[in-house]
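This report concerns only the one structure given below.
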Amino acid sequence: RVHMASIGHPVAGDPVYGPKKVLDFLNGQCLHAKTIGFIHPATGEYLEFDSPLSKVFEDFLEKLRREAGIKPPVSMEGILIASDLDGTLLQDDKTISETDKAAIRRFREAGGTFTVATGRSIPTVAPYLEKLRLDVPVALYNGAMIYDPVSKKPIWETALPEQAKKAVPYIYQIFGETVGIEVLDDHALYAVVYNDLIHLHLNDGGYQVPHERCGIEDVMPKQWLKVMFAAEKDQVGALQRELENLNIQGVRIVHSAECLVEMVSADANKGSALKRLCSEIGIPLERTAAIGDFYNDLEMIEMAGFGIAVSNACRDVRAAASLVVSSNGQNGVAEAIEYVMENKKKLF
C-alpha cells in the first residue's frame with residue numbers, strides 16, 4: 001500500500017495511504033491477490049492458488065469503465081486455445097517470448113483456457129508448464145498421453161504394442177549410429193543410440209533434459225509410449241520408409257520435426273488428444289482454436305473449431321488452417337490469441 005501511494009497510484013479505498021476523499025462505498029480496499037504461490041515449509045511442495053475478483057471489485061471496475069467510455073473486455077469463458085510447442089510457441093532458442101507469455105496471460109485473465117499439445121515427454125515439457133503456470137490438462141507424446149500438471153499424473157495414456165519394439169534393433173542394423181534413438185515411457189527418457197542429433201535434443205536451449213543412457217536390452221521390459229528416431233534431413237525419407245515397410249499393426253509413423261520420425265500408438269494423435277482435452281475440461285470441440293506448424297499438428301488443426309498455422313508451418317498445415325499468423329520467432333502465438341479475442345463472436 002505504501003509503495004503504491006509513493007508512485008502516485010494509491011489503493012482505492014485505503015483510508016491511511018490513499019487520498020483524503022476515501023471511496024467509503026467500497027467497504028474496504030481494492031487490494032486483491034489473484035494468484036499466490038509458495039513452497040510449503042513442511043513438504044517442500046510448490047503450491048499455487050488462484051482467486052477471481054469479487055463482485056464488488058467487478059462492479060467498481062465496470063463503473064470506472066462506463067465513466068471513462070471504455071468498452072468492457074470480451075469474456076473468453078468457454079474458449080480453449082491449444083498450441084504446439086516446438087516451432088510454434090517456442091522460439092528457435094527454445095524460449096517463450098515475453099510477448100507470447102503476455103498474450104496468454106491476457107487470454108486467461110479474460111476467462112479463456114490455454115493448453116499445449118506437443119510431442120514432448122514429461123521430462124522435456126515440465127520447465128515450460130511451470131513457466132506458463134498451466135493448471136489444465138495437456139497433451140504429450142503426440143497425443144499418447146493426457147497429463148495433469150497440477151497432480152503431475154497422467155489422466156490417460158496409450159502404449160505401443162510389444163511388436164513395435166522390434167523396430168529399434170532393425171533400424172540400428174540398417175543405419176547404425178547415424179540414426180539416434182530414444183525410447184520414452186511415462187516416467188523417463190532413455191537414449192538407446194546416442195548421436196549428435198540426440199545430443200542436441202537433450203540439450204534443449206541450454207536446459208539439460210533428464211535422461212538415462214542405456215542399451216536396448218535395458219528398456220525392453222518397459223512399457224513404451226513413444227520411440228523417437230533422429231536422422232539427418234537427407235536420411236529422414238529413407239528412415240520413414242523403412243519403418244513403414246515393417247508394417248507393424250497398431251502403430252503410427254509420424255514425421256514430427258525436420259530431423260525426427262516417431263513411432264507412437266495408432267490411438268495417439270493430436271486430433272484425438274484435443275477431443276479428450278475438451279472432454280476433460282468441459283469445453284465443446286467447436287469452441288476451440290488450435291495452433292501448429294508441422295505434420296503432427298495437422299489432425300489437431302483440422303479437428304479444432306478454428307485452425308491456425310504459424311507462417312513457418314509446413315505447406316499442408318498452412319493449407320488446412322483458417323488463419324496464418326507470423327512465425328514462431330515473431331510472436332505468432334500472441335498474434336493468434338489477439339485475433340481470437342477480437343473475433344470471438346465471428347469464430348465461435
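Being a predicted model, the structure only gives us computed values, none of them experimental.
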Hey, are the side chains of [X] and [Y] touching, using non-hydrogen atoms and a 4.5 Å cut-off?
| X | Y | answer |
| --- | --- | --- |
| L197 | E232 | yes |
| S51 | H32 | yes |
| Y295 | V254 | no |

More than 12 foreign heavy atoms under 6.0 Å from [atom1] of [X]: is that the case here?
| X | atom1 | result |
| --- | --- | --- |
| E177 | CD | no |
| E258 | CD | no |
| I36 | CD1 | no |

Verify, without hydrogens or angle tests, whether [X] (side chain) and [Y] (backbone) share a donor-acceptor contact under 3.5 angstrom.
| X | Y | value |
| --- | --- | --- |
| N195 | I198 | yes |
| K94 | N203 | no |
| D14 | V11 | no |
| K165 | M220 | yes |
| N328 | L90 | yes |
| D100 | A334 | yes |
| R318 | A313 | yes |
| R120 | V125 | no |
| R252 | A268 | yes |
| K270 | A117 | yes |

same_hphob_cluster([X], [Y]) at 4.5 Å side-chain heavy-atom cutoff:
| X | Y | result |
| --- | --- | --- |
| I301 | V340 | no |
| I248 | V264 | no |
| I104 | L347 | yes |
| V236 | I253 | yes |
| L85 | V317 | no |

Between [X] and [Y], does at least one N-O distance fall below 4.0 Å, as a salt bridge requires?
| X | Y | value |
| --- | --- | --- |
| R106 | E109 | no |
| E98 | K101 | yes |
| E280 | K275 | no |
| K63 | D59 | no |

Using distance alone, with no hydrogens and no angle criterion, decide if [X] and [Y] have a side-chain donor and acceptor under 3.5 Å apart.
| X | Y | result |
| --- | --- | --- |
| E262 | N142 | yes |
| S97 | Q91 | no |
| D293 | T88 | yes |
| Y190 | H211 | no |

On a heavy-atom basis, which atom in [X] and which in [Y] lie closest, and how many Å separate them?
| X | Y | value |
| --- | --- | --- |
| G13 | Q29 | O-CG, 3.5 Å |
| P137 | I146 | CB-CG2, 3.8 Å |
| V325 | G332 | CG2-O, 3.3 Å |
| N269 | E299 | CB-OE1, 3.4 Å |
| D297 | G292 | OD2-CA, 3.6 Å |
| M303 | G271 | SD-O, 3.0 Å |

Handout entry: Pi-cation contact, F114 with R108 (under 6.0 Å, within 45°)
Key = no

Exercise for the section: Indicate the ring-plane relationship of F294 and H255, choosing parallel, tilted or perpendicular according to the 30° and 60° boundaries. Expected result: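 If you compare the ring of F294 with that of H255, the planes turn out perpendicular.
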
Exercise for the section: Classify the angle between the aromatic ring planes of Y339 and F306 as parallel (below 30°), tilted (30 to 60°) or perpendicular (above 60°). Expected result: parallel

Exercise for the section: Determine whether the aromatic ring centres of H40 and Y46 lie less than 6.0 Å apart. Expected result: no

